[in-house]
Amino acid sequence: MKRYNHRQVEKKWQKFWAAKKFFSARDFDARKKQYVLFEFPYPSGAGLHVGHLRPYVATDILARWKRMEGANVLYPIGWDAFGLPTENYAIKNKIHPRIATDRNIKTFRRQLKATGLSLDWNREVDTTDPEYYKWTQWIFLKLFEAGLAYRAEIPINWCPFEKTGLANEEVVNGRHERCGTPVEKKLMKQWVIKITKYADRLIEDLELVDYPERVKTQQINWIGKSEGADIVFPIVDTQIKRFVLLHGRQGSPQDIFFPWLAQKLLDRGYKVEIPELPNPDKPNDLEQAEHVRKHCRLDAQTVILGHSFGGVVALRLLERGAKAHSVVLAATPISGRFNDNTKRPTVTEAVKRGFDFEKVRKSADRFIVLMDETDSIIPASDGEKLAQALGAEYRFIPGKSPHFTGSQEPGIYEAVLPSLRVFTTRADTIFGATHLVVAPEHPIVGWYLSHHHAVSGVWNIKEVSEYVVVAKKKTDITRLAEEKEKTGIELKRFSVSHPLSGRKLPVWVADYVMMGYGSGAIMAVPAHDERDFAFAKKYKIPFLPVIKPTSVDARDDRPEPSAVGRADIDLVASCWTGEGMLINSEKYNGLPSERARQNITWDLEKIGLGSKSVSYKLRDWVFSRQHYWGEPIPIIHCPDCGEVPVPEKDLPVLLPNVKRYEPTDTGESPLAAIAKFVNVKCPRCRGPAKRETDTMPNWAGSNWYFIRYADPKNKKDFASRKKIDYWLPVDLYIGGMEHTTLHLLYSRFIYKFLYDQGLLAGSEPYSKRRSNGVILAEDGRKMSKSYGNVVNPDDIIGEFGADTMRMYEMFLAPFDQMVPWDSRGVKGVRRFLDRVWIDINVMIKEKKWRRAQKTSSRQMSQAIRKITNDLGDLKFNTAISSLMIAFNGEGGRPDWRPKLNTEEKWEPVGGAESFDLAATEAFLKLLSPFAPHITEELWALLGHKESIQLERWPEYNESLLAKDTFKIPIQVNGKVRDVLEFAATAEQHEIETQALNSPKVEAHLKGKTIVRTIFVAGKMINFVVR
RNA sequence: GCCCGGGUGGUGGAAUGGUAUACACGAAGGACUUAAAAUCCUUUGCCCGCAAGGGCUUGUGGGUUCGAGUCCCACCCCGGGCACCA
């Protein structure tokens, strides 16, 4: 008997499959479609290791199984090939990344084919192919047009080793998740994608999909939605006495929010003037400014608000020497261009005169520029430019109505009334607020530091500025290392008033408050928040308990209300962060905290100093990378037109072929050095302009690749709508847990965005997601080249064959579990396949077949049922053990074939001499998804002309599953004392009688009385005795 | 600290509240062989016992139940995620 030669057999069938194109998915086929997907690989220079193959083999088994069940299976492959590992590899080895990528893909392709994966190679995609990344760029342009891609100067995570900015999701414990370098903060102008706008839907729609629970919770926690309230604390001692409010074009003092705002301010005891500006329909800024100058009092105690064109008027006033305490410019146009393409000649004429910003800046202490997010007419870039020119604080906020035309505009009220806004989830504790704490990056700190001259008295400018400098320098790593020891410093001579009690509260700066969350400021309630408690204790700030624990479990060792406000804080051992009943809270006393939270928020809203609010931990997605090997961002910067998208017909923006692609130290992409690439004509005005030189992160290409598989060669579209509608969503997506808050989140977001654009039919890309566990090296560590513990599939396939490797990887452990590789274990699977090979060969030679349409074997029927169910649940390990049991039998020969001796001295063991052909074939079919090569070969040896791949998945014979006899355990007081066999027809009294007669059972019944008998048909019988 | 998983033989692991330790690895003994490898057979949770048999056992302690690896409570340990998120 020839031994099984895997090298020869596997190659033969791999060629055969490729030639026959068995695995090509057919668009619009009438069979049920089944889209099985794994995360397409990053073709690194190291090649694949056995761990990478685990999800591939699993999906291959499922794809083959589904095909046999009659589905039209799409099982595609592609390459996620842009990105830094290849670039680093290329730089190190002095090979162009294009060449390195092609070389790596070749290796990967060979390894995947050698594994025998039934991939549809006709649909291969490559993210670095211009035909592909054209559409990645196109999607970016769609985001840009929708206002979801914007440029912002924000402190971003910067990896000093790879010299690039990173998304929040790429930072793990303060380090870059890929290279482990501690991440620094760097203030940079970056492209950012507004994923936060989808935060709610990314949470809610998890209900529509079948994901592992922990994947869902991880995403929910990452998005980190908190519902609470924004509360405004007006700044006191600001020397503000009066307000001058300037309406816009076609406006009047009686219009929109002006009456409401005026009343608010009058209520707080300020003087308010709203001049009726001349010629509101065809306003002239010079004329209007002159009018204001004549009729209103403007001095260092005045706040000027300019709404829309009123802002232009305000600028004119200040330019011409008018003074103000502070200036708020809301939705003010300065470019003279409008997004609705309507001409407003008076406005354009006014702004074309230009402004002397230098003079304007000197005329007031503080500037705030407000832009409305929902304003579709004034370009947002106007606001940014204005803010930059004035050194102003820039607030991009949603107005109640577009262009701030609501009858109430709290955002404007908050801006004109100098104030600090905090976010809290515990509005009920507001009377316990003893001070405010702001982040070192908070704009108020900058203002405090630069305007100390404005107010006399003891200001601790030096100390504060020193603290801020140190705090801003800290990396996340050093912050973590400090073991949460809190530091901070008070802004002396600066205070806010409590919106409900009116008490004065001091303001501190501390780095435990983060600028990126909420508004970067908090109200500190030391009695009811652990962090505030620790901070207050350290700086001896007296605290104020306002919630009395009411539950029995509550730690009740907190101070009595009589300790209120006392400075000797050592009395207090802990703070109470739970719910309870309000005390020391004026009219809210006695309310349960949850109720109080609502009432207080409502009341604050009524007086314009608060509102319900939601905060998220999720940040907008930093999308710029300062590197060569990525998709160029298709934007052109024009000095006149601003950010102009590259016209669709000019896509793709090709990555230029260059000699030097090392990253620079300046934070600029290497593309910036290529004059030919950078210098272009503005597509809008034809003037000289510069191309954006940052590239996209490699998540950009992987965001949507699974859509492209539906129609990979389409030149007109990212994929045809009809094909998308046929194939998507993905029926099963398998990948690693490590992508839960990266690729999986990003691609869900992009899919929703494309859905909103009307480009596809569903809002979720993956119906079902399952995670694969990582395969560790034998030493229990991660497989890594640097540890030298990598197991190469080439070696395993060479020695044992692909079938053995595939089955071993699936047999090793439950699929979603992390498990170390065990090189000794591989042999066991090979041993099994060898037995299958030898025995079936002997059977073929002996030709002693029982022929029948369907198997008469009960054991085989059970195996069919078990294996089919296990595949549905992705329980590959138990499916394989069932295959072994089906072949070897359980405690004796299987009923469908005689057990055989060694190949030389073959003889049936156990009497039976013929083999059930139907069962043998069913067995091979069951085995074929796991071990496709050996089963093809045996199938052919059985005399079949067609491939086993084209066979139908076996069905089990229901009637065979019912056993005619079964063994049941006889228990006494729950302990098994005997096991007896009964006919299936045996009734309870019969079983009971026999059980009681069993000598083993009798021994345990002696001298006792049976008080109860529990009988479960077909399962067990239990005598309860006393 | 918070949120998820998970603790079963020497090892990877199996078990709709109903015979715990399937399947496999490893180990021990045996057959074949000059020998080794390969292959085949037997044994293999722990303790007592010559045996028949008995007792114990699913991280620890309690509980529910005729019966708990499985359900409930508390604790310990391991892995993963988040981490001053107000």
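Chain naming here is simple, since letters A, B, ... match the order of the sequence lines and numbering starts at 1 in each. Note that the coordinates shown come from a computational prediction; the quantities given were computed from them, not determined experimentally.
Judged as a side chain to side chain contact (heavy atoms under 4.5 Å, CB included), and not counting sequence neighbours, the contacts of A:Ala439 are A:Glu441, A:Val513, A:Met515. Applying the ring pair (Phe, Tyr, Trp, His ring centres under 6.0 Å) criterion to A:Trp222, with sequence neighbours excluded, gives no partner residue. Taking A:His743 as the reference, A:Tyr733 meet the side chain to side chain donor-acceptor pair (under 3.5 Å) condition, with sequence neighbours excluded. Listed by chain and residue number, A:Leu996, A:Leu1005, A:Thr1013, A:Phe1023, A:Val1025 satisfy the side chain to side chain contact (heavy atoms under 4.5 Å, CB included) test with A:Ile1010 (two or more places apart in sequence, or in another chain). Among residues two or more places apart in sequence or in another chain, the side chain to side chain contact (heavy atoms under 4.5 Å, CB included) test is passed with A:Arg214 by A:Thr217, A:Met737. Checked against side chain to side chain donor-acceptor pair (under 3.5 Å), A:Asp532 has the following partners two or more places apart in sequence or in another chain: A:Tyr512.
One atom, CG of A:Asn157, and another, P of B:A83, lie 11 Å apart when rounded to the nearest Å. Between A:Asn888 atom CG and B:C41 atom C1' the separation is 14 Å, expressed in whole Å.
At a non-hydrogen distance threshold of 4.0 Å, A:Arg214, A:Gln218, A:Asn221, A:Trp222, A:Ser226 from residues 210-227 of chain A come into contact with RNA chain B.
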With the criterion being N/O to N/O and under 3.5 Å, what pairs connect the protein with nucleotides 7-13 of chain B, and how long is each?
from: B:G12; atom 1: O2'; to: A:Leu812; atom 2: O; distance (Å): 2.5
from: B:G13; atom 1: OP1; to: A:Gln817; atom 2: NE2; distance (Å): 2.1
from: B:G13; atom 1: O5'; to: A:Gln817; atom 2: NE2; distance (Å): 3.4

Name the pairs: protein N/O against N/O of nucleotides 47-56 of chain B, kept only if under 3.5 Å.
from: B:G54; atom 1: OP1; to: A:His1004; atom 2: NE2; distance (Å): 3.4
from: B:G55; atom 1: OP2; to: A:Arg977; atom 2: NH1; distance (Å): 3.1

Any N/O pairs under 3.5 Å between the protein and nucleotides 61-67 of chain B? List them or say none.
from: B:C66; atom 1: OP1; to: A:Arg1012; atom 2: NH1; distance (Å): 3.0
from: B:C66; atom 1: O2; to: A:Asn1022; atom 2: ND2; distance (Å): 2.6

Exercise answer: donor-acceptor pairs, residues 821-828 of chain A side-chain atoms, under 3.5 Å, sequence neighbours excluded:
from: A:Asp822; atom 1: OD1; to: A:Arg824; atom 2: N; distance (Å): 3.2
from: A:Ser823; atom 1: OG; to: A:Glu778; atom 2: OE1; distance (Å): 3.2
from: A:Ser823; atom 1: OG; to: A:Glu778; atom 2: OE2; distance (Å): 3.3

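Under the side chain to side chain donor-acceptor pair (under 3.5 Å) criterion, the residue pairs touching residues 866-880 of chain A are A:Lys866-A:Asp870, A:Thr868-A:Trp953, A:Asp870-A:Thr878, with sequence neighbours excluded.
A salt bridge is defined here as a Lys NZ or Arg NE, NH1 or NH2 lying under 4.0 Å from an Asp or Glu carboxylate O, and A:Glu227 with A:Arg597 fails to meet this definition.
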